[in-house]
Amino acid sequence: MDKLIITGGQPLRGEVRISGAKNAALPILAATLLADGPVTISNIPHLRDVTTTMELLGRMGVELVVDERMRIKVNSASIRKFFAPYELVKTMRASILVLGPLLARYGRAVVSLPGGCAIGSRPVDLHIQGLAKMGADIRVEGGYIHARAKRLRGARLFLDTVTVTGTENLMMAATLADGTTVIENAAREPEVVDLAQCLVAMGARLTGAGTDVIEIEGVASLSGAQYEVLPDRIESATYLVAAAITGGCVRVKCTRPSLLEAVLEKLIEAGAVLDIGDDWIELDMRGQRPHAVAVCTSPFPAFPTDMQAQFTALNATAEGVGIITETVFENRFMHVDELRRMGADITVKGNTAIINGIEKLTAAPVMATDLRASASLVLAGLVAEGDTVVDRIYHIDRGYQCIEEKLRQLGARIQRIPG
Ligand code: EPZ
C-alpha cells in the first residue's frame, strides 16, 4: 500500500487550483442513466471514487469516453445490465446512487447494500422507504436490494433524517415518475443543488433544490446535456486549513467562496486573515499560531462533517482548548487515536472531542482509516516535528486529486512511497 512521508515545519505559501467536487460528480455520473442521449460532464476530478463509478457504469454496458479536454461523455443507450455488485459497492458506498435512476428509467435494479463503513453504520433505509412509497416493489435479500417498478409514482416523502445521497437518489427517481413528488426535510448541500441543475439541464422539472422542500414533476423522458461540476468545497477548505495549521499564506483558486461560509467563519475565529474574490480565497496566518475553536457539525449550511477531522488536527496545535462536536455520524473520531500517537492531547466524551492544543506535534507512523481522517493526518504531519509516515493512503486518493503534487506546489515536503 502506498504511503505518504511528510516532513513538517514548513509554512505553506502559494496558490492551488481546486478540482471539481467528488460529491457532485458521483451523483451526476449516476444521473446519466436517466438520459435518452449522451451527457458530457466537465470539471470531473480524477479520483478513485470517480474511476470506481465509471467502472460500475461500464460493467452495466454504459459507454463512457474521456475526451481530449478530460470531459467524460456518457451514453447509457447501450446499457444491458441493471446490477451493482458488492465487490464495487463495498469500495464506494455512493454506488447506491444508481438505484433511483435504474428504477426510474428501466424499472429494475439489483444493487448491493453498501455495508458498514469506518465512520458509522450508514444505513440506506430512507432511500428504500422513499422508493417503496413511490410504488417500487423493493426487498433486501442476500445483501442485495432487489427492486422493480412498472413506473414509479409521484409521492410526498418526508425524510426523518437529512440525508444527502438519500435526497439525491429520490430526486433522480422522481424525475421520470408519473406525477409530482415532494421531498420534505431534503438535504440542502451544494452538491444536491449541482445535481438538480444537471437534471434540469437534461429536461427535468424540478424546483426547491437548496431548500428543505424539493418538488419534482415527473416527465416522460430526459435528454442528453452538457454540464460542468461545481468546485469541491471540502478540498478548498482542507487547503485553507493546511495554510492555517502551518502559519502560512495560501490562495485556493477556481473555488466558490459562498459554499464555505460556516468554515470561513471558524477560520477567522482561529485568527486567519481572509481575502475573498469571486472564485478564490486567500488565507494568511501572518506566521501566527491558530487559536482553538469550537465546532459543531450539522447539515448544510452549518459546519460540514467532512471538515471535522481537519479542524480536530487544527485544534491539536492551536492555542487554547478546542471543542469538536460531531452530530452527523456516530463514529467519526477514528483520526483521534492516530493524532494522539503524534502527541495530541484529546479527550473524547460521546460525540464530543475536547482538544488541549499543544505547541508542537511529533512525527510518527500513523494509519489512515477513512477519507477525511487521512486528510487530518496529512495536515498534522505538515506541522509536526520530523517525518510523519501516513499509511493506507488509498483512502485519501478517493477524495483528493494529486494531493502530494498540490501540497508540494505550496512548499510542503511530502512524497509518496509506492507500497
Ligand atoms: C454524503 O454521504 C457524503 N457522500 C459524505 O461525504 C458526507 O459526509 C455526508 O453526505 C454528510 O454530509 C457523498 O455525497 C458521496 P447521509 P451520505 O445520508 O449521503 C443517516 C466524504 O467524506 N442516514 O447524508 O451517505 C446516516 O447514517 C463523504 O466525502 C440514515 O439513517 O450521508 C448519517 O447519520 C463521507 N438512513 C446521516 O443520515 C439513510 O437512509 C447523514 O448521512 C441515509 C442516511
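All of these numbers come straight from a predicted model, not from anything done at the bench. All ligand and atom numbering here is 1-based and tracks the order in the structure. Values reported hereafter were calculated over all heavy atoms of this structure, with side chains retained and with hydrogens, waters and symmetry mates removed.
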Notebook entry, point to check: Any side-chain donor-acceptor pair under 3.5 Å between Thr51 and Glu55?
Noted result: no
Next item on the list: Could you check Val66 against Met54 for side-chain contact (heavy atoms from CB on, under 4.5 Å), going step by step and ending with a plain yes or no?
Entry: CA-CA 11 Å; Val66 181; Met54 291 173 70; 4.0 Å; yes
Notebook entry, point to check: Purely on distance, is any nitrogen or oxygen of Leu126 under 3.5 Å from one on ligand 1?
Noted result: yes
Note to self: Heavy-atom contact check, 4.0 Å cutoff: does Val162 meet ligand 1?
What the structure shows: yes
Checklist line | Arg122 N/O to ligand 1 N/O under 3.5 Å | finding: yes
Item checked: is_close_aromatic(Tyr144, Tyr86), centroid dist under 6.0 Å -> no
Check: Do Val328 and ligand 1 have an N or O pair less than 3.5 Å apart?
Finding: yes
Next item on the list: For ligand 1, find out whether one of its N or O atoms is nearer than 3.5 Å to an N or O atom of Glu189.
Entry: no
Check: Does an N or O from Thr163, backbone or side chain, lie closer than 3.5 Å to an N or O of ligand 1?
Finding: yes
Item checked: atom 43 (C) of ligand 1 [closest protein heavy-atom partner, distance rounded to 0.1 Å] -> Pro123 O, 3.2 Å
Checklist line | Residues Gln226 and Ser42: side-chain donor-acceptor under 3.5 angstrom | finding: no
Check: Does an N or O from Asp306, backbone or side chain, lie closer than 3.5 Å to an N or O of ligand 1?
Finding: yes
Checklist line | Criterion side-chain hydrogen bond (donor to acceptor under 3.5 Å, both in side chains) against Tyr400, the qualifying member of Arg372, Arg48, Glu235 | finding: Arg372
Check: Can you tell me which residue and heavy atom of the protein come closest to atom 38 (O) of ligand 1, and the distance to 0.1 Å?
Finding: Thr161 CG2, 3.4 Å
Item checked: Protein contact to atom 36 (N) of ligand 1 [nearest heavy atom, distance to 0.1 Å] -> Asp125 OD1, 2.7 Å
Item checked: Distance-only side-chain donor-acceptor flag, Ser236 / Thr255, under 3.5 Å -> yes
Notebook entry, point to check: Does ligand 1 have a heavy atom under 4.0 Å from the side chain of Val164, from its backbone, from both, or from neither?
Noted result: both
Item checked: Atoms of ligand 1 close to Lys22 [distance to a heavy atom under 4.0 angstrom, numbered from 1] -> 21 (C), 29 (O)
Item checked: Nearest-neighbour protein heavy atom for atom 11 (C) of ligand 1, which is reported as residue plus atom name and distance -> Thr305 CG2, 3.8 Å
Notebook entry, point to check: Counting only heavy atoms not in Arg71, do more than 12 fall under 6.0 Å of its CZ?
Noted result: yes
Item checked: For atom 3 (C) of ligand 1, closest protein heavy-atom neighbour -> Asn23 ND2, 3.7 Å
Item checked: Sub-3.5 Å N/O-N/O distance, Arg372 and ligand 1 -> yes
Item checked: Asp370 side chain to His395 side chain, donor-acceptor N/O pair below 3.5 angstrom -> no
Notebook entry, point to check: Hey, is Glu191 touching ligand 1 through its side chain, its backbone, both or neither, going by heavy atoms under 4.0 Å?
Noted result: neither
Note to self: Would Gly120 count as a contact residue for ligand 1, given that I'm defining contact as a non-hydrogen atom of the residue lying under 4.0 Å from a ligand atom?
What the structure shows: no
Next item on the list: Keeping the roles fixed (side chain from Arg151, backbone from Ala177), state whether a donor-acceptor pair exists under 3.5 Å.
Entry: yes
Next item on the list: Within a distance under 4.0 Å of any heavy atom of His127, pick out the atoms of ligand 1 and give their elements.
Entry: 40 (O)
Next item on the list: Can you sort out which atoms of ligand 1 are near Val124, meaning under 4.0 Å from one of its heavy atoms?
Entry: 39 (C), 40 (O)
Item checked: Flag for Asp36-Ser223: side-chain donor and acceptor within less than 3.5 Å -> no
Check: Any chance CG of Asp278 has more than 12 other-residue heavy atoms, nucleotides or ligands included, within less than 6.0 Å?
Finding: no
Check: Applying a strict 4.0 Å limit to heavy atoms, is Arg332 in contact with ligand 1?
Finding: yes
Notebook entry, point to check: Is there a donor in the side chain of Arg398 and an acceptor in the side chain of Thr52, or the other way round, less than 3.5 Å apart?
Noted result: no
Notebook entry, point to check: Are Glu217 and Thr180 linked by a side-chain donor-acceptor pair shorter than 3.5 Å?
Noted result: no
Check: Is Thr165 touching ligand 1 with its side chain, its backbone, both, or neither, if touching means heavy atoms under 4.0 Å apart?
Finding: both
Margin query: Can you report which non-hydrogen protein atom sits closest to atom 32 (O) of ligand 1, along with the distance?
Written below: Phe329 CZ, 3.9 Å
